[in-house]
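Computed from a predicted structure; not experimentally measured.
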Protein chains: 2
Amino acid sequence: MVTIRDIAGLAGVSRTTVSRVLNSSGYVSEQARSRVMQVIEETGYVPSEQAKALRTKKSNVIGVILPRMSTETASRVADGIENVLNREGYQMVLANANLKVEKEIEQLKLLESRRVDGIILLATNKEEKLLDAIRNLSVPVVAIGQDLPDVTSVVYDDYHAARDMTEAILKKGHTRVGFIGVYESDHAVGILRKQGYKDAMKAVGLTTEDSWAQQGDFTGESGYEAMKRMMNESAEHPSAVFAVTDRLALGAMEYLKSRGLEIPDHIAVAGLGNSELSRYVTPSLTTVDYDYEEAGMRTADLLLERLNRSGEKREKIVMGYRLLFRDSLI
Amino acid sequence: MVTIRDIAGLAGVSRTTVSRVLNSSGYVSEQARSRVMQVIEETGYVPSEQAKALRTKKSNVIGVILPRMSTETASRVADGIENVLNREGYQMVLANANLKVEKEIEQLKLLESRRVDGIILLATNKEEKLLDAIRNLSVPVVAIGQDLPDVTSVVYDDYHAARDMTEAILKKGHTRVGFIGVYESDHAVGILRKQGYKDAMKAVGLTTEDSWAQQGDFTGESGYEAMKRMMNESAEHPSAVFAVTDRLALGAMEYLKSRGLEIPDHIAVAGLGNSELSRYVTPSLTTVDYDYEEAGMRTADLLLERLNRSGEKREKIVMGYRLLFRDSLI
DNA sequence: CTGTTAGCGCCTTCAG
DNA sequence: CTGAAGGCGCTAACAG
């Protein structure tokens, strides 16, 4: 691999001069510059960002930790992030946490060891050991998806989105509204969205059967099973179901269809997230739209700001949402 | 940032000794080791992979160039890649080519400047300048998706998959089979799949109207428009349509539905790729299943092999496929 | 078992 | 305008 030293030798100048033309810093005679450029051309020399980073203490790399690769939300957020990172001359290294806190922490440390300039964490929980790990990190971290104490975060307005959607369902005249949520270790999705549902119900003085509130784990199958339990365990069936995730809603729809129930006539369904699937499924799914790309962009912006003006105070951005009424709810 | 030198000082040993316990190489007395470990613990020291890489000339980072972020195929392939990379102790840096050859080349160079150990290119074309860029690279490249000359590649069996599906359509009794393809700069999808369709048609001696073969650009909208053109321009409408991509097929279905045509009764549809959407859309889409995760894994394996046993000859792996008969074709 | 020495490839004072 | 010298954090001979 050809180095700056080789270029200097071939061009008959010092490494310093080569460095200067590389970074267009300081004065270089036109003569020297063109000689250096020519040699670079001929040799196909590519400066080592690695060595440069070691010296300058800036790698121009941002680490991004995803809960899982290859989920629609994660990749849409990553898309937004990559967008601004690329525009600002940063590269992105992706790390997969596979939904495990331990793995999240491990990836944080791994990225730190790579000396990335900053880390974006697509957060799925607020566990104390995670927060600890972030505190002990010497790399700035920005979170998205959960409101992490003391960590600059971009969050979705989970509570109001869920509450709004539930109210919209009620407004359609439904009084028996079922709910499919997820485990509570995911604060944003598991707790906040459920709270939105519960508060909306309480506000209109409706009572609910225990069996109307079921729990899944983000997979379609778990939505299917949750819906099945709801139907089997309830004395009176709900006339509408709100699932905190489109995928859960889709699973629920599958179960309902398998039972020969018509959506929305026998039972209406609403989800949250505006996944691609929600548009294409029949009947199309009423859901809440979150702008994941935008959220990713905002998060990246926030991180880069922090890098430039370090010592800034913690910030928090709450992303808005939009209710999308489609055919699964009338 | 605490360095190996600090640890050495605090533990009262030399940097070499610290390095040795870090890498568990060479002999270190239990006494020295525990002292070092303790200091590392106390200080939260994290060795710089960067400095290590500069010295060892191995970064344990693999670059992956995607045609676009946030498409289902890309992220499924990336998932497979990440899987084996992670298992083997590598990190993945993602680069987005945005479907532009120039950007692909730019990203190749950028990754080279980062001194990644290898590059996986999700290829979308075989343009000469791309091949040139790869040749001039000092980093091993493995391609997936296109059979790049002189480059170790993993490819899908595009020709036979398309031909098989077309034959399956013909076997159902259809004689007027339309086709929606893509631009030919994408050799695998644009040329090979079309050839499969044409050969299958020719083999049974069927003539086709020119208007039955339309072209899109991978988007659903373009599939919609292609289908519209096919219906508007043809003297006799096809009774079945094969689209080289599920997304195109979905777009075509949307157009057909908007015209009030029944699928598959009035016109049957088949796609290729087994996207998630294909399962959920109504009617469910008959398509060809490619195991993208597996392909990603094979590609990563291939690259890592090359890194270990360098100087290996070029290899080429052809991935198999599976026809999935669903409701959009009878 | 341990330390000394010498870089990896680059940038950055500091003198010319 | 240019170069010499030094060092970023780490590992790898080579001596002890």
task: Please list residues of residues 10-21 of chain A whose heavy atoms come under 4.0 Å from any atom in DNA chain D, ordered by number; otherwise none.
output: A/V13, A/S14, A/R15, A/T16, A/T17, A/R20

task: Give every residue pair that meets the salt bridge (charged side-chain N to carboxylate O under 4.0 Å, His left out) criterion with at least one member in residues 134-144 of chain A, sequence neighbours excluded.
output: A/E128-A/R135, A/D132-A/R135

query: Does the side chain of A/R114 come under 3.5 Å of the side chain of A/S59 through a donor N or O and an acceptor N or O?
result: no

statement: In short, salt bridge (charged side-chain N to carboxylate O under 4.0 Å, His left out) pairs touching residues 92-110 of chain A with sequence neighbours left out are A/E102-A/K129, A/K103-A/E106

- prompt: To the nearest 10 degrees, how far apart in direction are the end axes of the helix from C/dC1-D/dG16 to C/dG16-D/dC1, each fit to five base pairs?
  reply: 40°

field: N/O donor-acceptor pair under 3.5 Å between A/R20 side chain and A/G26 backbone
entry: no

query: Which residues satisfy the side-chain hydrogen bond (donor to acceptor under 3.5 Å, both in side chains) test with B/Q146, sequence neighbours excluded?
result: B/D186

message: Taking CE in B/M37 as the centre, count heavy atoms belonging to other residues, nucleotides or ligands within less than 6.0 Å. Is the count above 12?
response: no

message: Could you work out, with side-chain hydrogen bond (donor to acceptor under 3.5 Å, both in side chains) as the rule, every residue matching B/T17, not counting sequence neighbours?
response: B/S14

query: 5' to 3' on DNA chain C, which nucleotides open and close the contacts with chain B (atom under 4.0 Å from a heavy atom)?
result: C/dC1 to C/dG9

field: Contact residues, residues 32-48 of chain A to DNA chain D [heavy atom, < 4.0 Å]
entry: A/A32

query: What is the 5' to 3' range of DNA chain D, first to last nucleotide, that sits under 4.0 Å from any heavy atom of chain B?
result: D/dG9 to D/dA13

task: Flag yes if more than 12 heavy atoms outside B/E30 fall under 6.0 Å of its CD atom; otherwise flag no.
output: yes

- prompt: With under 30° as parallel and over 60° as perpendicular, where do the rings of B/Y292 and B/Y156 fit, or are they tilted in between?
  reply: perpendicular

field: salt bridge (charged side-chain N to carboxylate O under 4.0 Å, His left out) partners of residues 2-17 of chain B, not counting sequence neighbours, each pair once
entry: none

- request: Test A/M297 against every option in A/V154, A/V84, A/L302 by the side-chain contact (heavy atoms from CB on, under 4.5 Å) rule and name the one that passes.
  value: A/V84

message: Applying salt bridge (charged side-chain N to carboxylate O under 4.0 Å, His left out) as the test, list every pair that has at least one member in residues 56-75 of chain A; sequence neighbours left out.
response: A/K58-A/D117, A/E72-A/R76

- request: Please determine, by modelled atom types, if A/N23 and A/K52 share a side-chain donor-acceptor pair under 3.5 angstrom.
  value: yes

message: Could you work out, with side-chain hydrogen bond (donor to acceptor under 3.5 Å, both in side chains) as the rule, every residue matching A/R115, not counting sequence neighbours?
response: none

query: If you pin B/T56 and B/Y27 to their nearest nucleotides in DNA chain C, which one's is more 5'?
result: B/Y27

message: As a quick check of understanding, evaluate side chain to side chain donor-acceptor pair (under 3.5 Å) for B/S185 and B/E127, giving each step before the final call.
response: CA-CA 8 Å; B/S185 67; B/E127 294 206 20; 5.4 Å; no

